[in-house]
Amino acid sequence: MPFKKFLIVLVFCFLSISCDKIKNDPAEITLIPRPNVLTQVEGRFVVDKNTAIMSDPELMPAANFLTDYIFFGSGVRLDFKSKGQSISFLKDDQIDPEEGYRLDVKPDGIIIAAKNAKGAFYAVQTLRQLMTEKLENANLKAAAIAVPCVSISDSPRFKYRGMHLDVGRHFFPVEFIKKYIDALALLKFNTFHWHLTEDQGWRVEIKSYPKLNEVASFRNETLIGHYNDQPQRFDDTVYGGYYTQDEIREIVAYAQKRFITIIPEIEMPGHSQSVIAAYPELGCTGESVDVATKWGVFETIYCSKEETFEFLETVLDEVMGLFPSTYIHIGGDEAPKTNWEKCAACQKRIRDENLKDEHELQAYFISRIEKYLNQNNRQIIGWDEILEGGLAPNATVMSWRGIGGAVKAAKMNHDVILSPTSHCYFDYYQSESQDEPLAIGGFLPLRKVYDFEPIPEELNEAETQFVLGAQGNVWTEYMREAKQVEYMVFPRILAMSEVVWSAKDLKNYSDFVSRVERFHNRLKALDINYANHLFEINGQIKFTDGMGFYSLETESKSKTIRYTTDGQAPNSGSILYSEPIKIDGDIIVQAAVFDKGNQIGSVFTQEIKRHIGFGKEPTINVEPHKAYNAGGIRALTNGIIGSDTRYGDSEWLGFWGENLNIRIEFDKPTAIQSVSTRLFNAMGQWVYAPKMITIRTDRSEKTVSIDSEGLTIVPVNIPISGEVRFIELLIPGYGIISKGYQGEGNPAWTFIDEIIIQ
Ligand code: ACM
Ligand code: ZN
């Protein structure tokens with residue numbers, strides 16, 4: 001999509017409107033995603049029972065949505081009539097592109113102009129956000145509906161604006177799916193990627209194969225706590241469910257009314273253990289397995305024999321009957337080839353089809369399904385593993401293991417959707433607070449989502465047209481309840497809505513945060529359980545002339561920060577933060593956000609250790625990976641230890657498969673006694689501690705082996721005494737992840753924390 005330059009005009013014209021005594025506060029306008037052009041003028045339009053609605057027939061779906069919405073929240077049903085002050089829906093073919101709209105609110109009427117009902121629907125979502133949030137909740141009894149006068153011209157940056165939800169790991173009721181779709185509509189998303197099948201449960205009724213629902217939809221028990229906890233424990237409770245075809249039709253219709261396409265995902269050839277539990281003959285071994293009860297990647301995948309294709313085609317026939325979407329997502333990720341290597345039928349298939357190996361067999365599998373779906377006028381989307389062994393001719397690639405898959409596929413002239421773990425995985429932690437509910441791992445704060453740029457730098461202008469858009473993913477291993485899904489999704493979905501809708505050159509994080517703060521009222525009215533980390537404090541260390549300074553910041557700029565360095569909890573009498581704190585010894589900074597003397601956020605605590613290497617600038621043979629380099633190379637010597645649970649914070653540095661050589665030099669020979677650091681170890685996230693580390697100085701060299709068995713954080717402490725001019729740490733990557741483990745065949749990540757020299 002070519003970049004469009006849009007102009008933002010925010011004009012406050014102070015016209016005098018005699019009938020309107022309420023002062024017009026520009027701050028009351030809280031639109032998310034931010035529109036391209038917004039001009040606010042003095043005055044309001046008041047919607048009441050006398051307000052008329054007029055609409056071009058083609059725009060009626062949007063007009064109906066508005067009248068239903070106003071009726072729901074206020075009890076007032078607006079009449080379609082042609083006299084009186086009105087809200088008019090006008091068809092305007094000049095408005096481009098397909099999803100754009102204009103919205104003009106004047107004291108004597110509102111005009112919505114769009115080329116089609118979809119654009120008009122987005123205008124209605126904007127209008128909705130201009131009206132009182134009380135309308136969102138029938139219990140709040142909105143009385144006066146005053147809409148501030150504005151002129152808005154708007155259209156989306158990307159044509160694919162998606163949110164995903166995994167209902168396989170945990171199953172959520174129809175009412176919640178509708179609530180999720182409602183939230184997507186409010187934020188102008190147009191795609192709901194419904195991940196319906198998993199190792200742990202099959203969630204769509206398939207009439208031709210009843211055991212998919214009798215067997216594959218239920219598991220005997222579920223893992224308790226985190227996957228990495230040892231020993232693993234289970235809850236001994238049968239869990240499951242599925243959506244009936246009637247329910248799915250109802251949800252599809254519900255989404256259609258909100259201009260949201262539901263893309264169903266039917267996983268293959270991997271993540272299908274539940275199916276093989278129901279129909280063991282579809283696996284390579286014929287052995288019976290259980291529906292999975294814990295998370296991960298499983299070797300029990302579909303066999304490539306004919307029966308599998310007959311089964312899948314029949315299933316897909318029913319799926320196509322339920323979902324009108326052009327796209328069907330066929331998964332394709334994380335399919336270990338172990339069983340295929342040993343299976344006579346799969347090996348025969350490789351020979352008969354002249355395939356080179358099991359990766360080409362996967363490509364054969366996916367291409368064959370693609371052909372079937374193409375014959376039915378459908379298109380496939382697959383996770384980026386479908387690039388391995390050759391990409392199916394018409395496939396769209398959803399890039400999740402970074403952006404590499406998107407770059408590769410776009411250069412092959414295939415459409416791509418960006419959904420990299422680093423910026424789009426809403427199952428990751430969103431705060432460094434230790435009070436956060438259990439999550440899978442990782443760290444994806446609001447700002448990182450907001451800063452996501454879906455168009456990879458590696459693409460030239462012509463190739464960028466293959467970037468359809470981006471998507472936030474919600475894997476639910478650690479979200480048992482719908483309320484927890486809401487907590488993980490909000491507010492990060494607000495940031496994602498701007499990533500995919502708003503013009504790039506309008507991005508402004510602090511403006512966004514102030515809108516998020518005001519948007520909380522709407523989320524409350526919607527009974528959405530949002531996370532609020534806006535009043536948390538972020539600290540950052542900087543070095544000037546070898547001296548360390550610690551700065552404090554909060555997302556919300558209108559509030560004050562108070563702090564202590566003496567171990568006392570901060571209060572309204574503590575030091576008012578105004579400039580970075582000088583670090584002249586080991587200190588513990590404790591700080592909190594205050595609003596008019598009241599503490600409104602939790603206490604932030606940061607210990608800083610001035611060890612011998614403190615503030616030294618290390619050199620390193622490779623740059624940390626872009627996605628895990630928040631603190632830069634100085635994070636290794638800034639006196640701050642990384643989080644015990646989140647390797648994505650600004651203290652851990654991540655490297656993908658490289659052998660590292662880190663060197664710290666001293667100005668003069670310096671007496672030291674030990675060098676210590678920490679390594680992260682989380683196999684489920686492909687993060688492995690290396691097997692050994694070597695420390696070299698100008699006087700000696702020492703190699704120690706690392707035992708990381710059962711540890712998430714692996715401490716390394718190497719005694720090394722004497723006066724040295726430099727130290728060098730040689731840290732080999734772990735290597736390729738073994739078969740049968742998550743990420744098998746990929747290089748493991750190395751994450752390293754502070755290098756403490758004492
Ligand atoms: C994925 O997260 N396995 C696509
Ligand atoms: Zn097989």
Side-chain angles (χ1 to χ4, degrees), residues 162 164-166 168-169 193-200 227 263 265-272 275-276 279-287 292 295-309 311-312 329-353 355 357-358 361-362 364-365 381-388 396-406 416-428 440-442 444 470-478 684-686 737 741-746:
H164 152 284
L165 183 66
D166 162 22
R169 274 54 176 266
H193 170 179
W194 201 2
H195 184 82
L196 284 164
T197 71
E198 258 307 334
D199 298 301
Q200 297 82 5
Y227 182 90
I263 298 181
E265 180 176 356
I266 305 296
E267 274 267 17
M268 62 190 79
H271 284 297
S272 299
V275 178
I276 295 161
Y279 297 100
E281 61 274 23
L282 298 177
C284 286
T285 65
E287 278 165 10
W295 325 124
V297 172
F298 299 86
E299 284 182 3
T300 307
I301 70 171
Y302 288 119
C303 181
S304 64
K305 61 184 130 188
E306 277 311 295
E307 291 89 318
T308 299
F309 293 101
F311 166 83
L312 285 172
H329 200 303
I330 51 69
D333 59 320
E334 298 182 316
K337 309 299 184 294
T338 323
N339 286 359
W340 285 4
E341 284 162 13
K342 294 181 287 203
C343 168
C346 287
Q347 291 304 314
K348 180 168 186 315
R349 178 77 76 188
I350 287 177
R351 285 192 304 276
D352 290 353
E353 299 292 336
L355 306 173
D357 57 16
E358 288 73 22
L361 180 56
Q362 160 140 342
Y364 165 86
F365 196 115
I381 301 178
W383 299 109
D384 57 54
E385 284 93 332
I386 66 169
L387 280 153
E388 294 163 9
T396 295
V397 172
M398 193 168 265
S399 194
W400 73 281
R401 297 174 302 172
I403 60 168
V416 300
I417 296 157
L418 276 290
S419 195
T421 54
S422 56
H423 293 79
C424 300
Y425 269 45
F426 295 178
D427 54 340
Y428 285 13
I440 194 163
L444 177 56
Q471 174 173 291
N473 287 347
V474 186
W475 302 101
T476 60
E477 287 94 331
Y478 298 93
Q685 283 77 56
W686 313 10
I737 298 172
Y741 292 90
Q742 293 203 40
E744 71 163 75
N746 291 286

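Just so it is clear, the model here is predicted, and its values are computed rather than measured. Heavy atoms only: backbone and side chains are in, while hydrogens, waters and symmetry mates are out. Remember, it's 1-based here, ligands and their atoms both numbered in the order they're listed.
- With hydrogens left out, the protein atom closest to atom 3 (N) of ligand 1 is D333 OD2, 2.6 Å, a heavy atom.
- Taking every non-hydrogen atom of W475 and a distance limit under 4.0 Å, the qualifying atoms of ligand 1 come out as 1 (C), 2 (O), 4 (C).
- Shown here for F298 and Q200, the closest heavy-atom pair between the two residues is CE1-NE2, 3.8 Å.
- Checking only distances, E334 does come within under 3.5 Å of ligand 1, N or O to N or O.
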Would you sort out whether F311 and Y302 count as a side chain to side chain contact (heavy atoms under 4.5 Å, CB included), showing the intermediate values? CA-CA 10 Å; F311 166 83; Y302 288 119; 3.6 Å; yes
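- The nearest heavy-atom contact from the protein to atom 2 (O) of ligand 1 is Y425 OH, 2.6 Å.
- Considering backbone and side-chain atoms alike, W383 places every N or O at 3.5 Å or more from each N or O of ligand 1.
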Quick one: do W383 and H193 satisfy ring-ring contact (aromatic ring centres under 6.0 Å, His included)? Show the steps, please. CA-CA 12 Å; W383 299 109; H193 170 179; 5.6 Å; yes
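- When the shell of 6.0 Å around CD of E306 is examined, it contains more than 12 heavy atoms from other residues, nucleotides or ligands.
- Looking at R401 and E388, a side-chain N of the basic residue comes within less than 4.0 Å of a carboxylate O on the acidic one, giving a salt bridge.
- Closest approach of P269 and S272 over heavy atoms only: O-OG, 3.9 Å.
- In terms of N/O distances under 3.5 Å, ligand 1 is not approached by H271.
- Between SG of C346 and SG of C303, the angle at the Zn ion (ligand 2) works out to 110°, rounded to 10 degrees.
- Ligand 1 places these atoms under 4.0 Å from at least one heavy atom of W400: 1 (C), 2 (O), 3 (N), 4 (C).
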